[in-house]
Number of protein chains: 2
Amino acid sequence: MRSEDLTARARIRDAAVARFGRDGFRAPVRTIAEDAGVSAGLVIHHFGSKDALRATCDEHVLTVIREQKSAAISLASPSETIGLLAGVQEYAPLFAYIVRSLLDGGALAGHFVDGLVDDAVAYLKAGEEAGTVRSSADPAGRARQVVATQVGLLVMAQLDAAAGHGIAPTESPAAAITQLYDRAMLAGLELYTHGLFTDSSYLDAYLEYKEKP
Amino acid sequence: MRSEDLTARARIRDAAVARFGRDGFRAPVRTIAEDAGVSAGLVIHHFGSKDALRATCDEHVLTVIREQKSAAISLASPSETIGLLAGVQEYAPLFAYIVRSLLDGGALAGHFVDGLVDDAVAYLKAGEEAGTVRSSADPAGRARQVVATQVGLLVMAQLDAAAGHGIAPTESPAAAITQLYDRAMLAGLELYTHGLFTDSSYLDAYLEYKEKP
DNA sequence: GCCACGGCTGAACGGACGTTTAACGTAGTA
DNA sequence: TACTACGTTAAACGTCCGTTCAGCCGTGGC
């Protein structure tokens, strides 16, 4: 996070993103104010209300993500998309904020996963054209499935951390992502390479059921 | 939910499970008391504190799940496991409660997903032995991956509902699950049948990297 | 009939927290 | 210099909410 020479408004915003990410959205305004080195009143003065502050944070995070995305348009694989932000230490607080928003059901999270799904669709399409990815009868659904797995692993990592095992994505995002991939990469690639079933009987049965129920 | 002729303690507990599931854990004690037709004081009198009430709810939900599980030991496929509870209207509040716990990072959620993963391991093993499921170099990781996808889809469904699209798992669990499978089943089966990649180059590359980094 | 006791209630207490308010200081302007 | 505008603060306000308290009521035992 950039530091001292920011306008108070920006300092508050950055402090809020960091504090919300670490402690969740129940973090008191006074704490955020203290983090930013200002009074609680000033926070309200600048943003109107705590909710409005959060909305501003959402907007800011979304903006940074968009910039970051278009800057890194040449990504390797779709499964790395979600981890990229977390890798750069500077963006770790943003990542934690997004995870919080995810858990909270915030509007930002909706946009964020929509973005991830869109990206996944694009990458999978590119993969198809390059011949490395199979074609699908439901490209959007497949992309959604891929993203859901990432999201689920993230949530489960947060749960594990709460239970004392592993690293919380809201605490040290970079380390958490690393640990997550360490644990899941092999099984994930295996699944995506060979599938789960030995034949297509489940799929066939479903397709048949779909035609005449 | 069973009704009138319960002891007040049990009525409070059931009301708490339902209310926590619907509104989250910030639901006021007074609201729960009202739901149960008692005073707020009595809630505390019986459970000591709101936290203790929640712990009792956790315990109760976990107990019911365990009973339910051992009663339905002859399940069809692992992907149906998570939806079973929600199907029976009576257990819908429990399911909503679990989703809340998942989003909240509660201890119950940890046990719950651990249970799911254990189940998945067992089912996949059974599938392997029956010849319908491929073998894996990391059975636990694969089970975790399968469960993570379910969890992720659930979280994303909650997000969609918050954004106005679709049904919230915490509102009408049964309907939400149905909708979720409608949207995801085809892509999921496709993935689990044929995989995502056309060849094993990604997997090979990872295995090679793992041996000599 | 009286007492004790447990279930139960309504009112009150106290803390946490978002927000409001009045005032202060400083920089820019006439 | 006087006036204005704005960034800023400390204190106070009001509300929500978990929890406590004093007492009421009905039941079972003596």
Side-chain angles (χ1 to χ4, degrees), chain A residues 1-60 97 100-101 103-108 170, chain B residues 1-60 97 100-101 103-108 170:
Chain A
M1 199 120 309
R2 293 152 268 158
S3 46
E4 291 315 304
D5 54 341
L6 281 176
T7 167
R9 203 186 132 92
R11 247 184 314 137
I12 294 170
R13 190 236 296 134
D14 287 354
V17 169
R19 184 54 71 174
F20 282 147
R22 186 165 291 268
D23 295 355
F25 294 105
R26 272 168 297 184
V29 170
R30 286 177 233 267
T31 307
I32 295 167
E34 197 178 344
D35 290 349
V38 301
S39 72
L42 190 63
V43 175
I44 301 298
H45 172 71
H46 275 305
F47 297 91
S49 72
K50 186 183 181 179
D51 277 355
L53 168 61
R54 181 177 167 180
T56 305
C57 289
D58 275 18
E59 203 177 341
H60 177 243
Y97 183 94
R100 282 294 174 201
S101 181
L103 296 171
D104 186 76
L108 167 67
T170 51
Chain B
M1 198 120 304
R2 295 152 266 157
S3 47
E4 292 314 306
D5 54 341
L6 282 176
T7 168
R9 203 185 132 90
R11 247 183 314 136
I12 294 171
R13 190 237 296 134
D14 287 354
V17 169
R19 184 55 70 174
F20 282 148
R22 184 166 293 267
D23 295 354
F25 294 105
R26 272 169 298 183
V29 170
R30 285 178 235 264
T31 307
I32 294 167
E34 198 179 344
D35 290 348
V38 300
S39 72
L42 190 64
V43 175
I44 302 298
H45 171 71
H46 274 306
F47 297 92
S49 73
K50 186 183 181 179
D51 277 356
L53 169 60
R54 179 175 169 182
T56 305
C57 290
D58 274 18
E59 203 176 340
H60 177 243
Y97 184 93
R100 282 293 173 201
S101 180
L103 296 171
D104 186 76
L108 167 67
T170 52

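Just so it is clear, the values below take in all heavy atoms, side chains as well, and ignore hydrogens, waters and symmetry mates. In the text below, chain A, chain B and the rest are named by the order of the sequence lines, each starting its count at 1. Predicted model, so just to flag it, every value in this text is computed and none were measured.
- For DNA chain C, the contact window with chain A, defined by any atom under 4.0 Å from a protein heavy atom, covers dC17(C) to dT20(C) in 5' to 3' order.
- Whole-Å rounding puts the Leu53(B) CG to dC17(D) P distance at 16 Å.
- No side-chain donor-acceptor contact under 3.5 Å links Arg13(A) to the backbone of Cys57(A).
- Across the protein-nucleic acid pair, Arg54(B) atom CZ and dC17(D) atom P stand 17 Å apart, rounded to whole Å.
- In terms of modelled atom types and a separation under 3.5 Å, the side chain of Arg30(A) and the main chain of Ala40(A) share no donor-acceptor contact.
- Between the CZ atom of Arg11(A) and the C1' atom of dT8(D) there is a distance of 11 Å, given to the nearest Å.
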Pair up each side-chain donor or acceptor in residues 46-53 of chain B with any protein partner under 3.5 Å, not counting sequence neighbours, and list the distances.
| unit_1 | atom_1 | unit_2 | atom_2 | d |
| --- | --- | --- | --- | --- |
| Ser49(B) | OG | Asp51(B) | N | 3.4 |
| Ser49(B) | OG | Ala52(B) | N | 3.1 |
| Lys50(B) | NZ | Phe25(B) | O | 3.1 |
| Lys50(B) | NZ | Ala27(B) | O | 2.9 |

Return the polar atom pairs (N/O with N/O) between nucleotides 18-26 of chain D and the protein under 3.5 Å, or none.
| unit_1 | atom_1 | unit_2 | atom_2 | d |
| --- | --- | --- | --- | --- |
| dG18(D) | OP1 | Lys50(B) | NZ | 2.6 |
| dG18(D) | OP2 | Val29(B) | N | 2.8 |
| dG18(D) | N7 | Arg30(B) | NH2 | 2.7 |
| dG18(D) | O6 | Arg30(B) | NH2 | 2.7 |
| dT19(D) | OP2 | Lys50(B) | N | 2.7 |

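- Within the 4.5 Å cutoff, side-chain heavy atoms of Arg9(A) are placed close to those of Thr56(A).
- Annotation: the span from Leu108(B) atom CG to Glu59(B) atom CD amounts to 11.0 Å, rounded to 0.5 Å.
- Between Asp23(B) and Arg19(B), some side-chain heavy-atom pair lies under the 4.5 Å cut-off.
- Across every non-hydrogen atom of Ala15(B) and Ile32(B), the tightest pair is CB-O, 3.9 Å.
- Here the side chains of Arg54(B) and Asp104(B) are in contact, with some heavy-atom distance below 4.5 Å.
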